[in-house]
Protein chains: 2
Amino acid sequence: MRIGELAAATSTTTKTLRFYEDSGLLPHAKRTAGGYRDYGREAIARLDFIRRGRAAGLTLAQIREVLDIRDAGTAPCRHVAELLDDRLSALDQQIADLQALRANVAHLRDDAAHANPAECEPEDVCRYL
Amino acid sequence: MRIGELAAATSTTTKTLRFYEDSGLLPHAKRTAGGYRDYGREAIARLDFIRRGRAAGLTLAQIREVLDIRDAGTAPCRHVAELLDDRLSALDQQIADLQALRANVAHLRDDAAHANPAECEPEDVCRYL
DNA sequence: ATGGACCTTCCAGTGCAGGAGAAGGTCAAG
DNA sequence: CTTGACCTTCTCCTGCACTGGAAGGTCCAT
């Protein structure tokens, strides 16, 4: 499989695949006589793994950590669970922050809606954020 | 108030304050005879506003949008309410996205937690992400 | 043998939110 | 009058995850 086919099969781009190789997420691909990268089908599974990790909000560095453990021949289940726990905490915090902000903005919006435009001072806009 | 005092009062840095001025988040400060920036107390309130927005995950561009409307001075409340409605919709979408992501990550994490490490083969790693 | 699709490497830029450090100016204390 | 803290502008650097483009090589059909 050449790089373009792999890119199409994984809904990504050749640029991204070369970038992943440079970043150590994909092993150095073997080459054809003409110097083209030649991928096996396992590359698709690896890229699906990377894609799922990205979708879960992991950084490429975190994904590489997991892949490195796997490539060393050890099962990274425990490590994956830890990474996901960290990610859950971060998400909970982020959600709580956004909900607090939403409440503030909603309050501010109500005030803006009910205020008499004639007596609406610019300074009032920022009272609640 | 000089830039260092303002930075200390708002738990930020002089670098950040100059960057905010360049970015249009802070107005051009008036200068002392020696060319130093000279801030009034209202700068602290403005930076607190920026800090709270940042803490809740807003971008500087989004914060600037709100500040620009305030700075227009003549900002009609109706217009502000419209802007805030847009912001509320965006926040609701963002919260919903994060909650969906959280559910996904929690599900993945549970799978990883219930796996028996002894029978977890390296090839299985993809199951958990 | 030629055209076009695809590939190669290398260099550079994007957007975000600043941070590092150089070269020099200002100000108050000793 | 000098020292040291603080300030000025300036240019470049950071990390993240790519993206774009130039210059050239390969492969396959016509």
Side-chain angles (χ1 to χ4, degrees), chain A residues 1-40 43 46-68 83 86-87 90-91 94 97-98, chain B residues 1-40 43 46-68 90 94 101 129:
Chain A
M1 200 175 6
R2 287 184 312 182
I3 197 169
E5 294 174 81
L6 180 58
T10 56
S11 299
T12 176
T13 68
T14 59
K15 287 281 191 190
T16 297
L17 295 182
R18 291 191 199 98
F19 170 72
Y20 281 179
E21 185 176 316
D22 288 345
S23 308
L25 285 151
L26 293 179
H28 292 288
K30 54 178 196 279
R31 303 296 179 115
T32 65
Y36 289 8
R37 283 174 181 80
D38 187 21
Y39 296 96
R46 196 176 179 96
L47 282 163
D48 282 348
F49 175 80
I50 295 171
R51 190 179 44 70
R52 282 192 294 274
R54 292 287 300 131
L58 299 182
T59 66
L60 292 186
Q62 289 173 317
I63 294 167
R64 187 175 51 219
E65 235 180 289
V66 176
L67 288 172
D68 283 350
L83 280 177
D86 289 351
R87 191 67 197 123
L91 280 172
Q94 218 176 333
D97 286 349
L98 279 179
Chain B
M1 196 171 17
R2 287 185 311 183
I3 197 168
E5 294 173 82
L6 179 58
T10 56
S11 299
T12 177
T13 68
T14 59
K15 291 278 191 191
T16 297
L17 296 182
R18 292 192 198 99
F19 170 72
Y20 281 0
E21 185 176 316
D22 288 346
S23 308
L25 285 151
L26 294 178
H28 293 287
K30 53 176 194 280
R31 302 298 179 114
T32 66
Y36 290 6
R37 283 173 180 81
D38 187 21
Y39 296 96
R46 196 177 179 95
L47 282 163
D48 282 346
F49 175 82
I50 295 171
R51 188 180 48 68
R52 283 192 289 276
R54 289 288 301 130
L58 296 185
T59 67
L60 293 186
Q62 289 173 318
I63 295 166
R64 189 174 50 218
E65 210 182 317
V66 176
L67 288 172
D68 282 350
Q94 215 176 337
L101 177 60
L129 206 55

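Since this is a predicted model, take the numbers as computed values, not measurements. First the proteins, then the strands, lettered A, B, ... as listed; each starts at 1.
The closest side-chain heavy-atom distance from A/Ile63 to A/Arg54 is below 4.5 Å. Using a 4.5 Å cut-off on side-chain heavy atoms (C-beta onward), A/Tyr39 and A/Leu47 make no contact.
Summary of the strand contacts: A/Arg2 and B/Asp38 both lie near DNA chain D, and taking for each the nucleotide with the nearest heavy atom, the more 5' one is attributed to B/Asp38.
Rounded to whole Å, atom P of D/dT8 lies 7 Å from atom OH of B/Tyr39. Taking atom CZ of residue B/Arg64 and atom P of nucleotide C/dG18, one finds them 12 Å apart after rounding to whole Å. Regarding B/Leu60, its CG atom lies at a distance of 9 Å from the C1' atom of C/dG18, rounded to whole Å. The interatomic distance linking A/Ile3 (CD1) with D/dT19 (P) rounds to 13 Å, in whole Å.
Residue side chain B/Tyr36 does not reach the base of C/dC27 through any donor-acceptor N/O pair under 3.5 Å, judged by distance alone.
For the segment residues 26-35 of chain A, the set of residues with a heavy atom within less than 4.0 Å of an atom of DNA chain D comprises A/Gly34, in numerical order. Less than 4.0 Å separates DNA chain C from at least one heavy atom of each of the following residues of residues 9-24 of chain B: B/Thr13, B/Lys15, B/Thr16, B/Phe19, B/Tyr20.
Taking every heavy atom of both residues into account, A/Pro27 and A/Arg46 meet most closely at CD-NE, 3.8 Å. The two residues A/Asp38 and A/Met1 come nearest to each other via the heavy atoms OD1-N, 3.1 Å.
Dashed line: the shortest gap from a side-chain N or O of B/Arg37 to OP1 or OP2 of D/dT9 is under 4.0 Å. A close approach under 4.0 Å does occur between a side-chain nitrogen or oxygen of A/Arg54 and OP1 or OP2 of D/dC18.
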Step-by-step side chain to side chain contact (heavy atoms under 4.5 Å, CB included) determination, A/Leu67 to A/Ile50
CA-CA 9 Å; A/Leu67 288 172; A/Ile50 295 171; 4.0 Å; yes
If you apply the rule side chain to side chain contact (heavy atoms under 4.5 Å, CB included), what do you find for B/Arg37 with B/Arg18, and how did you get there?
CA-CA 10 Å; B/Arg37 283 173 180 81; B/Arg18 292 192 198 99; 3.6 Å; yes
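Taking B/Thr13 as the reference, B/Thr16 meet the side chain to side chain donor-acceptor pair (under 3.5 Å) condition, with sequence neighbours excluded.
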